[in-house]
Each structure stands twice: as C-alpha cells, then as structure tokens.
Amino acid sequence: MSATTTPIGHAAPAGPTSAGPGADAAHPRVWERPWARFAVRRLGRLLVSLWVLVTASFAMIHLIPGDPVRGALGPTAPADLVAARRASLGLDDPILVQYAHYLRSLSTGDLGTSLGSQLPVADIVGQRLPATLLLGLLGFLLAVAIAVPLGTLAGVLTRRGHGRRTELGFTTSSIVIATVPDFLLGVGLVYVFGVHLGWLPVAGNESASAYVLPVVSLAVGPAAILARIVRVELVEVLDADYVRTARAKRLAPWKVYLGHALPNALTSALTIGGLLLGSMVAGTVLVENVFAWPGLGSTIVSSILAKDYPLVQAIVLVYGIGVLVVNNVVDVVLALLDPRSMIRED
Amino acid sequence: MSAPTSRARAWRGVLTTPLGATAAVLLALVLAVAVLGPVLWTQSADAVDTGNILGAPSGEHWAGTDNLGRDIVARVLVAGRLSILLAFAAIGIAIGVGLLLGSAPFLLGNGRAARLVSAGVNVAVAFPGLLLALFFAVVFGVGATGAVLAIGLAGAPTFARLTQTLVAGLAGREYVAAARVAGVGRLRILVRHVLPNLREPLVVNATIGAGSSLLAFAGLSFLGLGVQSPSYDWGRLLYDGVGSLYVNPAAALAPGLAVLVAGLAFNLFGEAVAKGLGVTELTGPRVRRPATKAAPEPDEQRDHSEGRPSADVVLEVRDLKVSFAGRDGQLRPVRGVSFSVHRGEALGVVGESGSGKSLTALAVTRLLGDDATVEAERLRLLGQDLLAEATPAQRRLLGTSLAMVFQDPMSSFNPTRRIGRQLAEVGTEHQGMTRAEAMARAVDRLDAVRVSDAADRVRQYPHEFSGGMRQRAMIGMGLMGSPSLIVADEPTTALDVTVQQQVLDLLSAIRDADDLALVLISHDVTVVGEVCDRVLVMYAGRIVEDLATADLATAAQHPYTRALVAAVPDMATDVSEPLATIPGRPVGPADTPAGCAYADRCPLADVRCRSEEPPLERTAAGGRVACWHPGGEPDVVLAGPDLRRVER
Ligand code: SF4
C-alpha cells in the first residue's frame with residue numbers, strides 16, 4: 001500500500017514527531033520497573049502479614065484467661081505435673097524470652113508437643129495437612145468449573161437489552177444457594193445420598209467416592225457467589241469500548257465473549273474470588289467435621305475442645321499461612337493477566 | 001424536600017418486588033417465632049418422655065423426639081429466640097468495633113497512625129471470618145459468650161472497611177470541608193455530619209450481617225464450640241441431631257431447615273433493600289416489543305439518486321431509523337437518514353452531541369447493541385445487504401472491507417492483550433493467515449500508520465502506547481484487511497491538540513493513497529471541513545443539510561448549518577467579532593416537536609416551521625436541505641450577537 005511511503009505529520013508544526021509521544025515507554029528499563037516495584041511491595045506486605053500472624057498465634061496462648069496448662073490437664077491434675085508441663089512449655093520464662101524462643105523453634109520447624117498425645121505437633125500437622133489441602137483444592141476446582149461457564153452463560157444471556165427475567169431468576173437463586181452454609185448442605189447431602197439412598201460413603205477419605213459429598217458441599221456455595229460475580233463483571237465488560245472494537249473486527253461472537261470479554265471479566269472476578277478462596281480454606285473446617293475427614297479441620301476442633309493449645313496454635317498458624325499464600329498467589333496471577341493491576345495499586 | 005418521600009418510595013418499592021415481599025414475610029415469620037417461641041412451646045420442648053426416645057416423626061411429634069423423648073419441633077421453635085439474640089449480639093459487636101476502627105483513620109487525621117489502622121483492617125478483612133472466630137473461640141473459651149465475642153470480632157473488619165470507605169467518601173464532601181475550615185473538631189464532624197449518613201448502608205449491611213452471623217453461630221454450635229447444654233440454639237440442636245441421623249434424620253433436618261430459613265430471610269431482605277435503595281431506577285427498560293409497523297414517518301425520505309454510477313457506491317443508506325425501548329415507550333434518536341458514500345469520497349457528518357450522528361455510524365456498521373432496533377429501507381455495503389441475518393460471509397466482508405476508528409483510543413483496545421495480537425486477529429479470523437503471517441502483517445500495518453519500532457511495539461500492551469499512537473494503531477487495525485470504507489467516529493476528540501492534526505493527516509493520506517471512502521463523524525465543523533469533500537449536517541436525528549464542503553462557509557442554506565459555521569472563528573469571515581454560540585439547547589429524542597426540530601432556536605422560525613416538518617429536498621447547488629426558508633436572510637443568521645438577541 002502506498003500509504004506507507006506517504007509522508008505524514010508534516011502539518012504538525014511545533015508538535016512532537018510521530019515517534020515522539022510514546023517513545024520513552026518503549027524503553028526496556030521503564031518497562032521492567034513496575035514488575036520490580038510490584039514484587040518488592042508484595043514481598044514486604046507478605047512478610048509483615050506473616051509476622052502479625054506468627055505474633056497472633058504466639059499471643060493466643062497468653063491471652064487465654066487463667067492457666068492454660070491447668071485448663072488442659074483439668075482441675076484434678078497434680079500440681080507438680082502442671083508445674084512440670086509449664087516448665088517444659090517455657091511458660092514461666094519472661095514473655096520476650098518465650099517470644100524469642102517461639103520464633104526460634106518455628107524457624108527450625110519445631111511446632112512444640114501436643115499436650116494430649118505427646119507427639120510432636122509438626123508430625124500431626126504433616127500427617128493431616130495433605131487431606132485438607134486436597135479437599136480444598138478439589139473444592140476450589142469444582143467451584144470454578146461450575147461458576148465460570150454458568151456465570152459466562154448467564155452474562156451472555158443477560159447482556160444489555162436482554163433477559164430481565166433470566167437475570168432476576170439467576171441472581172435470586174444464586175443468593176439463595178450461596179446462603180446455604182456448607183455444613184448444612186453437607187448434612188443434607190449425607191441424609192439424601194448416605195442415609196436415604198445409600199449411594200455414597202459419608203465419612204472418611206478411603207475411597208474416591210468418599211470425596212464426592214465433601215467436595216460438593218464445599219464447592220456449591222462459593223460457586224454460586226463466583227458465578228454471580230462472573231456474570232456481573234461480564235455484563236459490564238460486554239459494554240466496554242474494546243468489546244465494541246472486537247465486534248468491529250467481526251470476530252465470531254463466541255470469540256468476542258470468550259476471547260475478549262471473559263478474560264477481562266475474570267480478572268475483576270478474581271479479585272473478589274481470591275477472598276472467596278480464602279474463605280474456602282475456612283470452609284474445609286466445617287465440612288471436615290461433617291464428614292469426619294481426617295484433616296486439620298477435624299483436628300483443630302477436637303484439640304480446641306481438649307484444650308491442646310500447642311496443637312491449636314500450630315493449626316491456626318497453618319491456616320493463616322494458607323490464606324496468606326492463597327491471597328498472594330491470586331494477586332500475582334492477577335498481575336500476570338492484567339499488567340495494569342500492578343500499577344493501579346497505589 | 002423530596003429526599004424523605006423518595007426514600008419512602010424506595011422502601012415501598014423494595015417491599016413490592018417479589019423478592020423483597022417474600023423476604024419481608026419470611027423475616028416477619030422468623031422474628032415472630034423468636035418473640036413467641038419460648039412463650040408458647042417451652043413446656044412441650046422440655047417435656048421428657050422416656051418411653052419415646054429418638055422417636056420417628058408421627059402425628060404427635062412432627063419431627064420425632066430427641067434422646068430424652070422431647071419434641072423436636074417445639075425445641076426448634078423455642079431455640080429461635082436464643083439463636084437470633086446471639087446473632088444480634090454478635091452483629092452488634094461487629095458494628096460497634098467496626099465503626100470504631102473504620103472511623104479511626106478519619107479521627108487520627110489520616111497520618112501514619114491512621115494508615116497503620118487501615119492497613120491492619122485490610123489484612124484482617126482478607127482473613128476468613130471462621131478462622132478469626134476459631135482464634136477468638138480459643139481465647140475466650142468454648143461457650144455462648146466466647147462464641148458471641150468471636151463471631152462479633154470476626155465480623156468487625158468487614159464493617160470497619162465499609163465504614164472506612166464511606167467515611168473517606170463523605171470526608172471529601174464540601175460541607176465536611178467547610179466544617180473543617182470553620183475549626184470544628186474531627187470528632188464533632190464525625191458525629192454530626194458523617195455518621196448520620198452511614199445509617200442506611202449500615203442498616204442494610206447489618207441485616208445481611210445478621211443472617212451471616214446466624215449461620216456462623218450455627219456453624220460454631222455445630223462444631224460443639226458454641227452454645228453448650230442444657231441451653232440450645234439451632235446449631236446445638238443440629239449437633240445433637242446429626243449424632244442420630246440414621247435413627248431419626250428429622251432431628252437434624254428440622255433445626256437445619258430453621259437455620260436455613262432464618263439465614264435466608266435476613267440475607268434476602270438485606271439484598272432486596274440494598275438493591276432497592278442503591279438503584280434509584282427500579283423499573284429498567286422492558287423487554288423489547290416487536291417492532292410495530294408504525295404509520296409512515298412525516299419525514300420519510302424518498303429515493304435520492306446521486307447521479308453517479310452505482311458501481312461506485314460503497315455505502316448506501318436509505319431511511320435509516322434507530323430506536324430504543326425507553327421507559328415511556330419507544331425513543332427514536334435517528335429518524336430516517338439517507339445518504340450514500342462513493343469510492344474515494346470523504347463524507348463528513350457533523351452535529352451537536354445527541355444529534356444522532358454517532359448512532360447513525362454505529363447502526364450503519366451494525367455495531368449497535370441489541371437494545372437498539374435498527375430499521376432501514378436499504379443498508380448496503382459494496383452492494384451487500386447488511387440488514388440480513390449475519391452470515392459468515394457478511395462477517396468476512398465487514399471484517400475486511402470496513403475499518404472503524406473510535407473516539408477513545410484509551411478504552412478501545414483490550415487492556416489485557418498485546419497490541420500485535422489484537423491486530424493480527426483480523427488476519428487469522430478473516431484472511432486465513434497463520435499467526436506468524438498475521439503478526440508480520442500487523443508489523444507492516446503499524447509501520448504504515450507510522451508507529452515507530454513496530455516490530456518491538458507489537459509486543460507491548462495498550463497502556464504502553466500514547467493516545468496518538470493508539471489511535472494510529474487503531475487505524476492500522478482497520479488496514480489489516482483491504483478496506484473500502486473507513487468510518488471514524490470522533491477520531492481526534494480524545495487526543496491532545498498536537499496529535500489531532502497528525503491523525504487527521506494520516507486518515508487523509510490513507511484515503512488519497514488507496515481511493516478509499518471515508519466517513520468522518522465529528523462535532524467540529526473545522527475538522528470535517530478540512531478533511532471531507534461533502535458534509536451531512538445532522539440535527540435531532542435527521543439530516544438537515546447535505547452540501548459540498550466548499551459551500552460551507554459561503555453557501556450553506558440551513559440556518560443551523562450557518563450557525564455552526566458562525567460558531568467557528570476562522571471560518572466565519574471576521575475574527576474580531578465575538579464568537580457566536582448557538583443559543584438554546586438541542587432537542588432530545590424524547591421531546592422532538594411536531595414541526596421543524598430546530599424551530600425553537602431558529603431566528604427564521606414561523607408558524608409553519610412549528611407545525612410542519614420540512615422535508616429534505618434537493619437544492620440548486622446539488623445538495624439537499626430540510627428547511628422551509630433555505631438561505632433566508634443570511635445577514636441576520638450569520639451575525640453572532642444578533643442570534644442571541646433574537647432568541648432571548
Ligand atoms: S424550517 Fe423554519 S425553523 Fe426550521 S430551520 Fe428552516 S426556517 Fe428555521
């Protein structure tokens with residue numbers, strides 16, 4: 001095309017040349033800087049959160065009114081046993097010494113000893129963690145697998161000028177479903193599929209079929225919330241100028257929806273979805289207790305009831321770290337999907 | 001003031017939606033059970049019957065009996081009060097602590113301490129409530145008190161964040177600033193001016209929060225960490241019932257159902273109120289009615305053969321109408337527009353915003369959303385009917401022969417895709433290119449629109465391009481195919497003055513080079529006058545004049561065209577004269593008058609103008625004009641100050 005050789009821009013007397021306006025943005029060093037700043041800021045925030053978390057879990061045992069060891073061993077325990085246990089936990093040292101000691105043992109992976117079983121807490125956690133992780137991960141995957149297609153479909157059906165009724169029905173039913181707490185759904189599922197129909201196992205994780213009910217109970221609520229978010233975001237994105245541009249390119253409609261609109265809708269959905277994922281970490285606690293799942297969730301409840309504080313302390317810490325990791329992974333994924341999000345956060 | 005009445009109307013609106021009404025009834029039921037339950041059923045709930053332990057549902061015991069033979073239904077009804085009171089107590093703590101933490105940054109004067117508080121809140125918000133509740137349950141001990149404190153404190157960060165956001169928003173308001181300047185203390189401002197405004201959002205969120213804390217409580221009690229025997233709430237009953245799920249499932253299902261209904265009642269009511277009060281417009285646009293064959297429009301514009309061989313016609317538009325389903329029936333912002341564009345021709349479309357020029361462009365290019373109804377007697381691009389169902393062939397034709405340039409280059413590129421990929425897409429979609437070929441073409445096209453370092457820049461994201469660069473890239477995207485027509489909708493409006501000229505020159509250069517047709521839409525007569533051969537002037541959804549650009553300054557016939565020209569300093573003859581503005585407001589599609597739409601602003605308007613709409617008719621100069629007094633008394637019309645005098 002001869003337009004390539006036509007001189008252009010000759011009529012801009014004092015203005016910058018055509019290469020001028022954005023030239024510095026092309027410089028690699030400038031291009032790299034947001035990444036570095038993002039990483040440093042993220043890492044800083046992660047470390048501070050981690051410190052707060054560790055301190056909170058340390059403080060927990062000291063916030064308990066009365067003597068935690070006496071509480072754990074019961075009023076009838078002999079005084080010398082209580083004293084010995086207190087000494088072995090270091091509870092008689094000055095608080096800062098205890099804090100330093102706590103940090104030091106944490107850094108070596110020593111989480112203390114269970115008051116109940118006398119086993120190293122780290123071993124118990126290590127034994128129980130995989131079951132919880134697997135449950136959470138499967139639940140999350142199922143939630144996404146339900147929510148994204150459903151939310152996308154609902155979004156396309158209710159885009160501007162379409163489907164008022166569909167929208168009302170979808171929104172209402174997603175609120176209703178999201179309200180059903182995972183443990184209630186779990187009990188209901190146990191009743192229907194375990195007690196009534198007898199199709200599926202209702203406890204433990206020995207067989208593959210034992211995964212079905214717990215994973216479903218965990219996933220349905222978050223799936224409803226996520227689907228709703230995906231729909232709202234998609235409807236908004238479908239109105240964006242760049243979607244009009246994509247339509248102006250006359251791409252096939254599904255390419256406009258899935259290729260141009262959905263990724264952007266998911267980017268915003270992910271911001272809220274991250275919180276959701278965090279709450280699923282907590283959701284496993286209840287679900288595990290419904291289904292006698294041999295994970296951290298059933299352990300933390302039994303150890304709270306047994307006042308086995310070192311174990312509780314460690315599990316709280318593990319859950320907390322889990323949430324932190326999840327939230328940070330979400331942020332990083334977000335930055336990969338939408339480079340602007342790195343710059344946006346102040 | 002209208003505020004209280006509109007507020008009352010909003011509330012009434014909430015209660016008359018099906019969702020709101022259902023939720024309100026449910027909520028009333030739940031609250032009634034909470035108030036009356038213990039009064040009416042305590043006796044039967046406590047009546048031990050050792051002869052009927054873990055009994056199955058029967059006529060006497062609808063949900064059977066528990067391990068002491070007590071009636072489950074009665075126990076569920078009695079447990080309602082405790083469950084709801086505990087939830088209220090928890091939400092009360094959450095709101096109290098939340099308000100305190102949330103307004104702290106404002107009270108602390110947004111300094112370092114304030115930032116610390118809000119950072120802390122942000123970290124805590126990201127933590128799931130149940131984990132916080134477990135933490136506090138350990139600290140406060142297992143039991144109802146511990147659980148209330150735990151759930152209350154666990155809910156506080158959410159309310160703190162809400163308060164913080166709302167307070168920050170209000171703190172920027174003028175009256176708050178005024179109070180600050182007047183030396184009023186921050187605490188006083190907070191109590192007097194800020195907190196009262198938080199009432200409504202807090203009530204809404206407290207309602208939803210009450211539902212969530214009810215469910216959370218049930219969760220803790222279900223874990224055995226909440227209410228302890230002999231007291232019982234729904235969660236405790238559930239905990240007891242689950243143990244005998246195989247013997248009497250109803251013992252678990254009944255309290256479960258109660259929790260669910262109560263939780264739903266609060267949540268749904270809260271959601272309904274939030275939606276009703278947040279969105280003032282309760283009745284959105286309705287489902288579109290089937291297009292009715294209306295009586296012929298008064299401004300039906302008949303065939304205008306342009307006296308050129310039709311093989312040259314790139315775009316042909318006849319009697320185009322665009323309508324939307326509004327609240328008060330159909331709105332028609334484009335009311336019958338006819339024109340054609342020939343090869344190599346640059347056609348300008350000018351008009352104020354709301355004249356329908358952009359809608360015309362979008363309708364012609366079939367880019368209007370589905371909420372718009374587009375009708376036309378004829379709409380053809382290169383002889384192909386665009387009104388027919390979209391076929392793959394039609395998509396390919398539009399995708400390769402028509403290039404669009406939009407107003408805002410900032411928002412018109414997909415922010416999450418690299419520029420090159422967005423251009424290349426056209427090639428892979430319509431021209432059967434491989435990714436590599438399409439990318440090579442994209443580089444070539446960016447080069448063609450004078451984007452420097454095109455080979456590197458294809459790998460960049462839109463935000464790394466300047467506005468002018470992006471608009472060039474947008475034009476380049478249009479050149480991926482072999483366009484016969486470029487439609488540019490306000491292509492320079494969003495750009496810096498310095499780059500505007502470059503983009504216009506680029507468009508002209510492309511048109512000259514390849515003999516393309518160009519439709520340039522602008523509110524600016526100067527821009528159109530510079531680039532185009534012919535100008536369509538639009539007003540209130542119609543073409544009011546169609547004339548050669550050369551005639552704009554001297555031979556315009558329509559009073560509106562002349563007023564537009566007079567409003568431009570360098571096109572009207574005398575620059576020393578004060579700049580004329582067109583007095584009055586343009587009419588919108590909702591208030592289009594019966595006669596000439598311009599009559600209210602026109603110095604020449606007479607009785608006929610106000611009653612009869614002038615048809616668009618040929619002029620001696622070869623253009624078209626829709627006016628009863630074309631070319632009348634140009635002196636009066638062109639003099640800016642006179643215009644104002646006539647109008648006032
Ligand atoms: S028809 Fe009458 S009112 Fe309308 S522009 Fe012409 S002179 Fe003015």
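Predicted, not measured: the structure shown is a model, and the values here were computed from it. Sequence lines set the chain letters: A, B, ... in the order given, protein chains first and strands last, and positions in each chain run from 1.
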To the closest 0.5 Å, what do you measure between CG (A:Leu184) and CH2 (B:Trp234)?
11.5 Å
Can you find a heavy atom in the side chain of A:Ile304 that is under 4.5 Å from one in the side chain of B:Leu225?
yes
Check whether any side-chain heavy atom of B:Leu260 lies under 4.5 Å from a side-chain heavy atom of A:Pro181, and answer yes or no.
yes
Evaluate the side chain to side chain contact (heavy atoms under 4.5 Å, CB included) criterion for residues B:Leu134 and A:Val285: first the C-alpha distance (whole Å), next the side-chain angles of each, then the deciding distance (0.1 Å), finally the verdict.
CA-CA 10 Å; B:Leu134 281 180; A:Val285 175; 4.1 Å; yes
Chain B: which of A:Ala261, A:Ala246, A:Ala56 shares the most heavy-atom pairs with it under 4.5 Å?
A:Ala56
Out of B:Val426, B:Thr365, B:Asp512, return the one with the most heavy atom pairs under 4.5 angstrom to chain A.
B:Thr365
Please flag which part of B:Leu264 lies under 4.5 Å from any non-hydrogen atom of chain A: side chain, backbone, both or neither.
both
Counting N and O atoms only, with roles assigned by atom type, does the side chain of A:Thr245 sit under 3.5 Å from a partner on the main chain of B:Ser412, one being a donor and the other an acceptor?
yes
Which region of B:Met410, side chain (C-beta onward) or backbone (N, CA, C, O), has a non-hydrogen atom less than 4.5 Å from a non-hydrogen atom of chain A, or is it both or neither?
neither
In terms of heavy-atom proximity below 4.5 Å to chain B, should A:Val176 be classed as side chain, backbone, both, or neither?
both
Find out whether A:Asp241 and B:Phe406 are in side-chain contact, i.e. whether some heavy atom of one side chain is under 4.5 Å from a heavy atom of the other.
no
What's the spacing between A:Thr179 OG1 and B:Leu214 CG if we round to 0.5 Å?
11.0 Å
Under 4.5 Å, counting heavy-atom pairs only, tell me which of B:Leu215, B:Leu367, B:Val139, B:Leu268 racks up the most with chain A.
B:Leu367
Distance col, row B:Met404:CE vs A:Arg244:CZ, nearest 0.5 angstrom, shows 7.0 Å
Please classify the contact of A:Leu238 with chain B as side chain, backbone, both or neither, using a heavy-atom distance under 4.5 Å.
neither
Nearest non-hydrogen partners of B:Pro415 and A:Asn264, listed with the distance:
CG-OD1, 3.7 Å
Part of B:Leu368 within contact of chain A (heavy atom distance under 4.5 Å)
backbone
Considering only heavy atoms, which portion of B:Gln394 lies under 4.5 Å from any heavy atom of chain A: side chain, backbone, both, or neither?
neither
pair B:Arg366-A:Arg247: side-chain heavy atoms closer than 4.5 Å:
no
If you count heavy-atom pairs under 4.5 Å between each of A:Ala59, A:Ser49, A:Ala252 and chain B, which one has the most?
A:Ala252
I'd like to know which of A:Thr172, A:Thr171, A:Leu251 tops the heavy-atom pair count under 4.5 Å against chain B.
A:Leu251
Most chain A-contacting option - heavy-atom pairs closer than 4.5 Å, from B:Leu253, B:Leu220, B:Thr400
B:Leu253
Considering only heavy atoms and a distance below 4.5 Å, find which of A:Met280, A:Lys249, A:Lys255 pairs most often with chain B.
A:Lys249
Among the listed options A:Asn289, A:Leu305, A:Val323, the residue most often paired with chain B at heavy-atom distances under 4.5 Å
A:Val323
In terms of heavy-atom proximity below 4.5 Å to chain A, should B:Leu504 be classed as side chain, backbone, both, or neither?
neither
Toward chain A, the part of B:Met477 with a non-hydrogen atom under 4.5 Å:
side chain
Under 3.5 Å, is there a donor-acceptor pair between the side chain of A:His260 and the main chain of B:Arg417?
no
Heavy atoms only, distances under 4.5 angstrom: which of B:Gly224, B:Gly399, B:Pro392 has the most pairs with chain A? Name it, please.
B:Gly399
Measuring heavy-atom distances to chain A, does B:Leu257 have an atom under 4.5 Å in its side chain, in its backbone, in both, or in neither?
neither
Quick check: do B:Val138 and A:Gln313 have side-chain heavy atoms less than 4.5 Å from each other?
no
For each of B:Gln500, B:Arg511, B:Glu429, tally heavy-atom pairs with chain A at distances under 4.5 Å, and name the one with the top tally.
B:Glu429
Where does B:Asn267 contact chain A at under 4.5 Å (heavy atoms): side chain, backbone, both or neither?
side chain
Residue from B:Ala133, B:Gly219, B:Gly263 scoring the most non-hydrogen pairs under 4.5 Å with chain A is B:Gly219
Do B:Phe413 and A:Tyr242 have ring centroids that are under 6.0 Å from one another?
no
I'd like to verify something: which residue of A:Val316, A:Val52, A:Val180 has the highest number of heavy-atom pairs under 4.5 Å with chain B?
A:Val180
Between A:Ala240 and chain B, which part of the residue has a heavy atom less than 4.5 Å away: side chain, backbone, both or neither?
neither
For B:Arg396, does its backbone N or O pair with a side-chain atom of A:Arg250 as donor and acceptor, under 3.5 Å?
no
Can you tell if the side chain of B:Leu223 reaches within under 4.5 Å of the side chain of A:Phe183, non-hydrogen atoms only?
no
